[in-house]
S.K.: 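Structure below; questions to follow.
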Amino acid sequence: MLKSISCGDLRPEHDGQSVTLAGWVHRRRDHGGVVFIDLRDSSGLVQVVFHPETAPAATEIAQHFRAEWVVQVEGTVRKRPEGTENAELATGAIEVVATESEVLNESKTPPFDVSQQTQGQVDELLRLGYRYLDLRSASMHDNMVLRHRVVQYMRRFLDDRGFVEIETPILTRSTPEGARDFLVPSRLQAGTFYALPQSPQQLKQLLMVAGFERYFQIARCFRDEDLRGDRQFEHTQLDIEMSFVDEDDVLGLIEELYTAIVDEVVSGRRILRPFPRLAYDDVMARYGTDKPDLRFGLELADLSEIAAASDVRILRGAVEAGGIVKGFAAPGCAAYSRKGIDGLIAFAKSRGAQGLVTIGIDGDAPSLEGLETEHVRSAIASALKLDEVRALAQRTGAGPGDLMLIVAGGATVVNTALSQLRNEMGERLGLADATLIAFAFVTDFPLFEWDEETAAWGPSHHLFTSPWEEHWDRIETDPAAVRARHYDLVANGMELASGSIRIHDRQKQERVMRFLGYTNEQMEERFGQLLGALEYGAPPHGGIAPGIDRLMTLLTDHAESIRDVIAFPKTQAGTDPLFGTPAPVQASQLAELHIAIVPEDDAI
RNA sequence: GGGCCGGUGGUGUAGCCUGGCUUAACACACCUCCCUGUCAAGGAGGAGAUCACGGGUUCGAAUCCCGUCCGGCUCGCCA
């Protein structure tokens with residue numbers, strides 16, 4: 001080894017010890033005589049002192065050190081002189097007095113400052129282009145190390161409970177449902193393709209049939225859909241499947257695991273104990289989304305009844321057309337300027353709403369009872385009766401000084417717009433406790449959802465999810481009312497995990513598929529392997545798949561997006577500026593794969 | 001595919017709305033010199049930018065207009 005100990009491990013107990021260190025020059029402070037170097041390696045950093053009187057040769061070399069040079073230093077650990085300790089540093093009580101130094105490798109001046117946080121500070125394209133330097137920065141380095149610790153903890157935790165880690169193929173078969181597949185052309189079988197797995201769903205069910213009872217995998221999943229701050233082409237999930245279990249077993253395991261991770265692996269994070277369990281209908285009503293941010297209130301109120309009895313055309317009309325009217329109160333926002341209101345309206349419209357009704361209650365109003373016309377600030381103030389304003393305020397919880405935000409229209413649109421408006425206002429008003437991770441389970445999802453585009457019922461989770469036992473007979477008669485044994489883990493407005501108790505009976509599985517419009521031939525063609533397996537003693541089973549990337553954005557400090565917890569992520573356009581991915585390939589490679597590129601203009 | 005925001009020395013920003021007082025400013029980094037206890041060390045000096053790219057308007061464009069590319073956010077999409 002070129003070093004005898006790591007920089008960040010040095011403590012007062014090493015006082016007097018001779019050490020050899022190797023690492024990167026974090027910063028240098030050259031006083032003309034004495035030279036200080038902060039030397040960094042993967043463990044942290046320590047101050048090295050070079051004295052020209054006692055170590056002239058080493059000091060001469062150190063004077064030429066520059067940022068990010070790789071150097072080796074021999075010296076003696078000692079307690080820092082009285083008054084020069086640095087409480088900011090873990091190693092701040094000691095320093096290394098250098099006797100020898102050597103340059104192992106020089107560095108060009110880095111394109112950005114590696115010694116400081118890069119997230120949110122440096123252009124992300126530049127960071128990705130020099131990802132090896134970006135990851136060298138302490139904050140990104142810490143993110144990767146914490147991710148490692150979390151994953152290791154998961155592995156130990158599950159191993160302790162009898163789970164077996166099993167790998168499943170990356171080259172699998174395309175299934176037409178769900179997201180767009182990444183395809184890999186077959187060289188040996190001309191004209192055919194493998195698909196990268198969107199998840200190991202069917203495989204893990206087959207492992208249950210295979211009798212493993214408790215399976216897990218840190219599984220990479222691929223989806224060729226547009227990328228976002230919380231979505232990459234490939235994401236990693238903790239894939240879990242268990243036999244002979246019900247909902248409580250799966251949710252209890254996850255709650256125990258995530259609570260332990262927060263308690264034992266990370267610091268400075270608070271959670272709700274126990275995790276709230278909320279029914280889908282309840283969260284949709286109160287938050288307008290199935291992944292609510294529970295760090296703050298701003299709950300939505302149903303105002304349809306008041307709207308229906310009102311003379312305000314946009315409110316009453318929406319209800320008469322079969323829609324709903326909902327809203328919430330933004331505390332202290334009654335004084336929003338015209339421009340501010342316009343901004344909120346534009347926000348709502350960009351989220352699909354027809355418009356946004358705002359009603360401010362002047363802070364000068366003595367109370368709701370003492371409300372006068374001049375206290376009501378709204379574009380529709382003239383059409384509103386005072387009693388209606390009172391009723392709306394009562395429902396939304398608005399008082400003097402507050403601003404009611406109300407959307408009317410179809411239920412989906414109203415909920416979508418208001419849920420995002422709620423998140424926006426929660427952020428603007430700083431209502432969310434940054435140290436809180438508000439984990440919660442959402443349960444009792446509908447089994448099916450209506451797809452407007454195809455004018456057909458589709459699975460709201462996936463088609464292997466079991467309905468409630470007592471709802472089997474509703475499938476054909478009242479599909480919208482069928483509840484599923486499906487659950488999600490959410491936190492801070494993000495979906496972190498999704499899972500269900502599966503169907504383990506072939507007849508029942510076919511019944512769901514048949515309802516979804518599959519012919520017997522299609523079932524056999526697409527799901528023959530699973531259906532066949534269900535006929536050979538498939539145990540009752542269920543599972544869940546928590547996303548690790550999103551979880552890490554909650555557990556780390558300074559993660560601006562999912563890209564900050566992934567070592568080598570892609571840009572929103574799906575490119576990697578470091579490697580220049582994706583890239584053309586040799587014509588010979590294409591020929592072997594029986595692939596021909598059709599220029600865009602000639603494409604159909 | 002749609003909407004919004006952005007692109008100015010190595011980095012981060014200002015200037016842009018209201019075109020000319022700009023020889024494009026500031027901080028950090030970089031280079032040289034000074035400096036023996038700093039830890040965002042300090043001091044003095046210096047170098048470094050065809051203002052993303054292409055076209056247009058104008059006597060004159062970083063600044064106004066159009067297009068393209070790239071990045072981010074977002075709608076669609078993501079069983």
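Proteins come first, then strands; the chains are lettered A, B, ... in the order of their sequence lines, and each starts at number 1.
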S.K.: Within the structure, does a side-chain N or O atom of Gln420(A) lie under 4.0 Å from either OP1 or OP2 of rC75(B)?
M.R.: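 Gln420(A) to rC75(B) OP1/OP2: side-chain N or O found under 4.0 Å.
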S.K.: Please confirm whether Trp450(A) and Trp457(A) have ring centers closer than 6.0 angstrom.
M.R.: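 Centroid separation for Trp450(A) and Trp457(A): below 6.0 Å.
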S.K.: Looking at rG6(B), which nucleotide sits across from it as a Watson-Crick or G-U wobble partner, both distances under 3.5 angstrom, or is there none?
M.R.: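 When the pairing criteria are applied, rC70(B) turns out to be the nucleotide that pairs with rG6(B).
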S.K.: Which nucleotide sits closest to the side chain of Phe112(A): rG72(B), rU11(B), rU38(B)?
M.R.: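 Nearest listed nucleotide: rU11(B).
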S.K.: Using salt bridge (Lys or Arg N to Asp or Glu O under 4.0 Å) as the criterion, list what pairs up with Lys79(A), not counting sequence neighbours.
M.R.: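 Testing Lys79(A) for salt bridge (Lys or Arg N to Asp or Glu O under 4.0 Å), a comparison that skips the adjacent residues, returns none.
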S.K.: Closer than 4.0 Å, any side-chain N/O of Arg563(A) to the OP1 or OP2 of rC73(B)?
M.R.: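 Yes, Arg563(A) has a side-chain N/O under 4.0 Å of OP1/OP2 on rC73(B).
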S.K.: On the nucleotide rG71(B), are OP1 or OP2 found under 4.0 Å from the side-chain N or O atoms that Thr571(A) carries?
M.R.: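 Affirmative; the distance criterion is met.
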S.K.: rC39(B) pairs with which nucleotide, Watson-Crick or G-U wobble, both distances below 3.5 Å?
M.R.: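 Base-paired to nothing in any strand shown.
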S.K.: Output the distance between atom CZ (Arg66(A)) and atom CZ (Arg28(A)), rounded to the nearest 0.5 Å.
M.R.: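 Rounded to the nearest 0.5 Å, the CZ-CZ separation comes to 3.5 Å.
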S.K.: Could you pick out which residue, Arg78(A) or Thr575(A), lies toward the 5' side of RNA chain B when each is mapped onto its nearest nucleotide?
M.R.: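 Result of the comparison: Arg78(A).
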S.K.: Is the shortest side-chain N/O distance from Arg66(A) to OP1 or OP2 of rC31(B) below 4.0 Å?
M.R.: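 Checking rC31(B) against Arg66(A), a side-chain N or O does come within under 4.0 Å of OP1 or OP2.
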S.K.: Would you tell me if any nitrogen or oxygen in the side chain of Arg29(A) comes within less than 4.0 Å of OP1 or OP2 on rA41(B)?
M.R.: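 Affirmative; the distance criterion is met.
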S.K.: Using 30° and 60° as the class boundaries, would you call the ring planes of Phe515(A) and Phe448(A) parallel, tilted or perpendicular?
M.R.: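 The rings of Phe515(A) and Phe448(A) sit tilted, inter-plane angle from 30° to 60°.
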S.K.: Using heavy atoms to find the nearest nucleotide of RNA chain B for Gly458(A) and Glu560(A) separately, return the residue whose nucleotide is more 5′.
M.R.: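 Its nucleotide being nearer the 5' end, the pick is Glu560(A).
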S.K.: Of the nucleotides rU74(B), rU11(B), rC31(B), which has the atom closest to the Arg351(A) side chain?
M.R.: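 Minimum distance to the Arg351(A) side chain belongs to rU74(B).
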S.K.: Taking only side-chain nitrogens and oxygens of Gln572(A), does any of them come within less than 4.0 Å of OP1 or OP2 of rC73(B)?
M.R.: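 Affirmative; the distance criterion is met.
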S.K.: Among rC73(B), rC77(B), rC78(B), find the nucleotide with the atom closest to the side chain of Ala179(A).
M.R.: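 It is rC78(B).
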S.K.: Could you check Phe445(A), Phe464(A), Trp468(A) and say which one makes a ring pair (Phe, Tyr, Trp, His ring centres under 6.0 Å) with His486(A)?
M.R.: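 Among Phe445(A), Phe464(A), Trp468(A), the one meeting ring pair (Phe, Tyr, Trp, His ring centres under 6.0 Å) with His486(A) is Phe445(A).
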S.K.: Using the P atom as the point on both nucleotides, what is the distance between rU32(B) and rA24(B), in whole Å?
M.R.: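 The same atom, P, in both gives a distance of 27 Å.
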